[in-house]
Amino acid sequence: MKHLTLSTNPGGLHWLADCPRLSGPTASGKLERHLRTVRFDTPDLRLHRRGVALQVRQEGNRFVQRLAVTPPGNTNDEQVWETEIRGPDPAFERLPETEIGPILARVARVELAPVIAWKVRRQTRILQEACSDGTIEIIEIAFDEGEFEGGDSPMPIAEVEITLLRGRAAAPCRLALELLESVPLNIEPRSRFERGMQRLSDVPPRWHKIGRPACTTDVSVDDALAELFRTSLTHFLANEGAALDGRDPEGVHQVRVALRRMRSAFSSFGRLLTDSQTADLKAEAKWLAGCLGPARDWDVFLAGTLTEVERHHATDPALSAVRQQAERARQAAYAQARNALLSQRTTRFVLTLGRWYEAHEWRTDSPADRFRRPLATFAADTLDRQYRKVRKGGRGLTHLPDEARHRLRIGIKKLRYTAEFFALLFDSEAARTFIAEAVKLQDALGDLNDRATLRIRLDRLQADAPGDVQLARGIGTVVGDAGADPAAAGEKALRDAWRRFRRVPAFWPSAQD
């Protein structure tokens with residue numbers, strides 16, 4: 001993580017600007033500037049929807065045009081062009097049209113207008129420190145204090161930006177962890193445009209699918225381990241804004257997927273890692289996933305189970321009572337999720353994980369040759385182990401108790417995420433087929449798990465309003481409707497998914513039945 005943006009409060013920002021750690025003898029090149037940035041787009045935010053950001057930054061009489069293009073679904077591959085222009089309006093003739101292609105071709109210049117602006121007083125300084133190996137680490141630190149323009153009430157900006165200019169990629173996380181001991185900080189993955197538009201124009205943050213890890217045969221096990229956690233953490237941070245906003249259920253879902261991938265990665269590489277290296281990280285990932293779980297459960301209930309029951313009983317007023325009570329439970333669950341995501345505990349977890357994988361800290365007390373073996377060999381061996389465990393755990397599937405099915409569901413999740421990460425090492429078409437069947441099996445097990453926990457969820461609703469007769473009637477309707485024939489259909493879907501999964505060939509070499 002070579003660049004970090006950390007939000008705090010104005011008091012914390014002033015403390016950091018004056019603290020000895022950031023203003024002592026190792027700090028130099030102090031500079032103060034006043035910046036105003038204007039973002040341009042069409043009234044319907046066409047550029048934003050296409051992953052294009054066009055803005056002009058003013059510093060005194062100097063204007064700099066910045067164009068950033070992010071491919072859909074890949075937040076790791078942003079391309080940026082900056083050029084000085086003569087005035088405050090975009091200069092189309094200075095845009096690299098041959099490089100960016102037809103992205104702006106359908107946008108008339110007269111359609112572009114300012115959509116949001118912010119101004120900050122920026123103090124920057126350079127921190128230079130000698131490392132134990134004799135190299136010099138150089139970090140730029142910027143303190144931004146200001147506000148967004150417009151709106152009914154001020155929206156302040158109080159942020160610290162840490163940018164690594166030279167040295168190890170773990171340095172920004174390491175420095176941020178030091179600062180976190182004295183000042184409350186939150187990692188801010190959203191752009192100022194996203195935050196400002198959410199506040200001023202009620203535009204919800206976008207959610208993002210995970211980017212494809214750069215895992216090929218020429219990558220070492222050591223680098224593959226770092227890449228897997230880097231991709232998962234990037235996915236987590238890219239969706240944190242949507243999860244905090246809560247209007248699109250996909251935000252919380254994608255954050256939980258990122259956490260599940262992290263936890264699966266700890267399992268997949270567990271033979272190479274020691275408990276002393278990973279115990280705290282695994283515990284924190286599990287804690288955070290648990291804090292987000294209820295929000296996702298109520299999202300699924302409201303959009304899935306309850307909506308389906310309402311289709312069959314459109315005129316039943318008792319179901320309105322269920323929806324209202326479930327929505328209140330959902331709001332409470334989202335409040336819990338937000339508190340967890342904004343906590344200093346989560347900030348510390350993210351920074352510690354970033355430092356851990358950027359510094360490859362697993363090397364400290366593990367033999368180096370563990371990480372030098374060919375990645376394809378390690379991947380095949382890992383997939384083999386997980387595959388055999390799933391096959392064994394699914395024996396006698398029809399008669400398995402709920403706890404055994406729960407373990408099988410966890411096992412198939414781990415296998416699926418491991419297969420997705422290592423897929424590029426082997427036959428891609430065979431990998432896609434295998435993963436598709438694994439997803440269907442996971443979904444079938446998930447549907448039955450949702451049915452098994454439905455009664456528990458509904459009992460909680462009733463406990464929160466024990467005297468509500470309409471609610472009790474509505475809950476009875478939901479239980480009766482969701483617990484009838486669909487349960488048998490779910491069992492059949494599971495058997496069919498298991499049969500197809502067992503028949504699909506493994507896509508890696510040396511798999512055993």
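If you're wondering where the values come from, they're calculated on a predicted model, not measured in any experiment.
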Are [X] and [Y] side-chain neighbours, meaning at least one heavy-atom pair lies under 4.5 Å?
X    : Y    : answer
I162 : T5   : no
R409 : K413 : yes
F378 : L425 : no
F421 : R261 : no
L281 : F229 : no

Ion pair present between R323 and E327, side-chain N to carboxylate O less than 4.0 angstrom?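 Looking at R323 and E327, the cut-off is not met.
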D381/R271 ion pair, N-O < 4.0 Å: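 Answer for the salt bridge query: yes.
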Tell me, which pairs form a ring pair (Phe, Tyr, Trp, His ring centres under 6.0 Å) where one or both residues lie in residues 434-472, sequence neighbours left out?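 Ring pair (Phe, Tyr, Trp, His ring centres under 6.0 Å) check on residues 434-472 returns Y387-F434, F434-F501, F434-F507, F434-W508.
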Would you list the pairs meeting salt bridge (charged side-chain N to carboxylate O under 4.0 Å, His left out) in which at least one residue belongs to residues 280-290, sequence neighbours left out?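 Checked against salt bridge (charged side-chain N to carboxylate O under 4.0 Å, His left out) - neighbours excluded - the pairs reaching residues 280-290 are E284-R345.
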Under the salt bridge (charged side-chain N to carboxylate O under 4.0 Å, His left out) rule, what pairs show up with a residue in residues 290-302, not counting sequence neighbours?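 Matches after skipping sequence neighbours: D299-R330.
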[X]: salt bridge (charged side-chain N to carboxylate O under 4.0 Å, His left out) partners, not counting sequence neighbours:
X    : value
D275 : none
E437 : K440, R500
R499 : D496
R311 : E308

Look at the rings of W362 and H360 and say which category their plane angle falls in: under 30° parallel, 30 to 60° tilted, over 60° perpendicular. tilted
side-chain contact (heavy atoms from CB on, under 4.5 Å) partners for D443, two or more places apart: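 So D443 forms a side-chain contact (heavy atoms from CB on, under 4.5 Å) with V439.
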For R190 and E159, run salt bridge (charged side-chain N to carboxylate O under 4.0 Å, His left out): C-alpha distance rounded to whole Å, both residues' side-chain angles, the deciding distance at 0.1 Å, then the answer. CA-CA 12 Å; R190 296 170 298 168; E159 296 172 354; over 6 Å; no
Would the distance check show the side chain of S343 and the main-chain N or O of A340 forming a donor-acceptor pair, the cut-off being under 3.5 Å?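 Pair found, side chain donor or acceptor close to backbone of A340.
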What distance do I410 atom CD1 and R260 atom CZ have between them, rounded to the nearest 0.5 Å?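 Interatomic distance, I410 CD1 to R260 CZ, rounded to 0.5 Å: 10.5 Å.
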Can you tell me how far apart CG (N186) and CG (L6) are? Round to the nearest 0.5 Å.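 Rounded to the nearest 0.5 Å, the CG-CG separation comes out at 8.5 Å.
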Suppose we screen for side-chain hydrogen bond (donor to acceptor under 3.5 Å, both in side chains). Which residues come up paired with R455, at least two apart in sequence or across chains? D459
Please list, chain by chain and in numerical order, all residues satisfying side-chain hydrogen bond (donor to acceptor under 3.5 Å, both in side chains) with H313, sequence neighbours excluded. D481
Donor-acceptor pairs are to be reported for all side-chain atoms of residues 348-358 against protein atoms at under 3.5 Å, with residues two or more places apart or in another chain.
from : atom 1 : to   : atom 2 : distance (Å)
T352 : OG1    : R348 : O      : 2.6
R355 : NE     : E361 : OE2    : 2.8
E358 : OE1    : R230 : NH2    : 3.3
E358 : OE2    : M1   : N      : 2.2

Side-chain donor-acceptor pairs of residues 248-257 under 3.5 Å, sequence neighbours excluded:
from : atom 1 : to   : atom 2 : distance (Å)
D248 : OD1    : E250 : N      : 3.0
D248 : OD2    : W207 : NE1    : 3.2
E250 : OE2    : Q254 : NE2    : 2.7
Q254 : OE1    : H235 : NE2    : 2.8

